[in-house]
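Here the structure is laid out as structure tokens; the discussion comes afterwards.
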Amino acid sequence: MVSVLPARPHWGTPHVPQRITRSTREEIPAALTRPTVDLELIVPAFNEERRIAKTVACTVDYLARRPWTSAVVVVDNDSADCTLEVLGPFDDAPVSVYVIGCSSHGKGAAVRRGIATSAARFVGFVDADNATPIGTLDRVMALLSEGYAAVIASRRAPGARYEIEQPALRKCGGWMFRRLAQLTLPDIADTQCGFKFFDGPLAREVVSGCHIDGFAFDVELLARLSRNGRAIVEVPVAWSDVPGSTFSARRDGLRSMADLLRISLSR
Ligand SMILES: Nc1nc2c(ncn2[C@@H]2O[C@H](COP(=O)(O)OP(=O)(O)O)[C@@H](O)[C@H]2O)c(=O)[nH]1
Ligand SMILES: [Mg+2]
């Protein structure tokens with residue numbers, strides 16, 4: 001069931017635009033500061049010219065009709081295709097769309113960069129492929145405003161379903177990944193869905209101690225959040241595999257498994 005928030009959000013005072021200043025956020029260059037909003041969506045992007053415009057368009061359309069203030073922040077890692085060009089038309093979008101860079105490569109590094117530079121009350125990330133319906137955010141925001149540390153989309157929570165299944169090789173890799181991830185997070189059924197939202201101040205504090213740059217970064221981030229004592233909740237989603245994944249079984253699969261072992265040994 002999707003919960004819809006009341007027209008006046010009950011989680012804070014009326015929106016007062018603020019700048020992140022050097023005195024409060026020393027490590028963030030002034031050029032990267034963004035006004036404070038209720039919610040920022042980070043979209044890590046690497047060579048996403050085919051998928052990202054549609055995702056940002058439907059995200060902006062959805063956010064513009066919501067009661068909370070929001071922004072979309074694309075974190076690009078020197079894409080060699082036309083990712084930046086296809087985002088040009090969003091300069092005048094009804095919801096601010098920012099594009100920032102990240103000197104370290106990898107989805108984890110990009111998401112960390114987005115979170116660290118955010119001043120939003122709630123912050124989270126979505127993949128450029130729109131695999132999780134953006135309408136899931138209604139429920140996510142309701143749960144975050146109840147005080148959860150993290151609300152994460154799950155393809156394995158009761159009520160979840162696959163609209164379009166992943167290819168067999170990816171499913172097999174996913175099975176192995178889950179076995180290893182459970183060494184660190186036995187209570188989380190799906191650590192890898194690319195749709196996770198957090199309490200902003202807590203996420204900013206936690207990412208400063210994270211180091212995994214690749215696809216296993218979610219496990220490190222969730223493990224650090226769970227140590228903090230506040231609850232993480234999974235929400236079931238209707239998920240669709242979208243062609244054009246940037247995940248390479250050979251390159252990213254092995255690296256992710258090694259990262260998982262490192263994370264479980266470092267605890
Ligand atoms: N900035 C940045 N984004 C990345 C990098 N690698 C992957 N991504 C993004 O991370 C997301 C991963 O989604 P996807 O490629 O569909 O992977 P899958 O859903 O796990 O198959 C996409 O938005 C990618 O563009 C990277 O090195 N840098
Ligand atoms: Mg995908």
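When reading the values below, keep in mind they use all heavy atoms of this one structure, side chains included, and skip hydrogens, waters and symmetry mates. Residue numbers count from 1 along this sequence. In listed order, ligands and their atoms are each counted from 1. Not measured: the values here are computed from a predicted model.
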Tell me: protein heavy atom nearest [atom], and distance?
atom	value
atom 28 (N) of ligand 1	N77 OD1, 2.4 Å
atom 7 (C) of ligand 1	T246 OG1, 3.1 Å
atom 3 (N) of ligand 1	A45 N, 3.2 Å
atom 9 (C) of ligand 1	P44 O, 3.5 Å

Between the main-chain N or O of [Y] and the side-chain N or O of [X], is there a donor-acceptor pair closer than 3.5 Å?
X	Y	result
D129	A131	yes
E49	C82	yes
D38	R121	no

Any atoms of ligand 1 less than 4.0 Å from a non-hydrogen atom of [X]? List them with their elements.
X	value
E48	22 (C), 23 (O), 24 (C), 25 (O)
V75	1 (N)
D127	11 (C), 12 (C), 13 (O), 19 (O), 23 (O)
A128	22 (C), 23 (O)
F46	2 (C), 3 (N), 4 (C), 5 (C), 25 (O), 26 (C), 28 (N)
R170	18 (P), 20 (O), 21 (O)
D129	16 (O), 19 (O)
A110	1 (N), 2 (C)

Consider every N or O of [X] and every N or O of ligand 1, then say whether any pair is closer than 3.5 Å.
X	result
F215	no
G106	yes
S245	yes

State yes or no: do [X] and [Y] share one hydrophobic cluster built from I, L, V, M, F, W and Y residues joined by side-chain heavy-atom distances below 4.5 Å, directly or via other members?
X	Y	result
V126	W239	no
V207	I212	yes
V43	V242	no

> Do R34 and T117 get their side chains close enough for a donor-acceptor pair, meaning under 3.5 Å?
Replying inline: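 T117 and R34 do have a side-chain donor-acceptor pair below 3.5 Å.
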
>> At less than 2.8 Å, would any N/O/S atom of D129, backbone or side chain, sit next to the Mg ion (ligand 2)?
In response: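 Of the N, O and S atoms in D129, at least one lies under 2.8 Å from the Mg ion (ligand 2), which means yes.
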
>> So that I can tick it off, tell me whether D259 and R262 are bridged by a salt bridge, with the cut-off set at under 4.0 angstrom between side-chain N and carboxylate O.
In response: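 Counted as a salt bridge, because a side-chain N and a carboxylate O are separated by less than 4.0 Å.
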
> Side-chain contact, heavy-atom cut-off 4.5 Å: P133 with E163?
Replying inline: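 A side-chain contact under 4.5 Å is absent here.
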
>> As a test of understanding, state which of D76, D213, D127 forms a salt bridge (charged side-chain N to carboxylate O under 4.0 Å, His left out) with K107.
In response: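 Of all the options given, the one that passes is D127.
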
> Which of these, K196, R224, R112, sits in a salt bridge (charged side-chain N to carboxylate O under 4.0 Å, His left out) with D218?
Replying inline: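 Going through K196, R224, R112 one by one, the salt bridge (charged side-chain N to carboxylate O under 4.0 Å, His left out) with D218 is satisfied by K196 alone.
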
> Could a heavy atom of R51 be found less than 4.0 Å from some atom of ligand 1?
Replying inline: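 Heavy atoms of R51 do come under 4.0 Å of ligand 1.
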
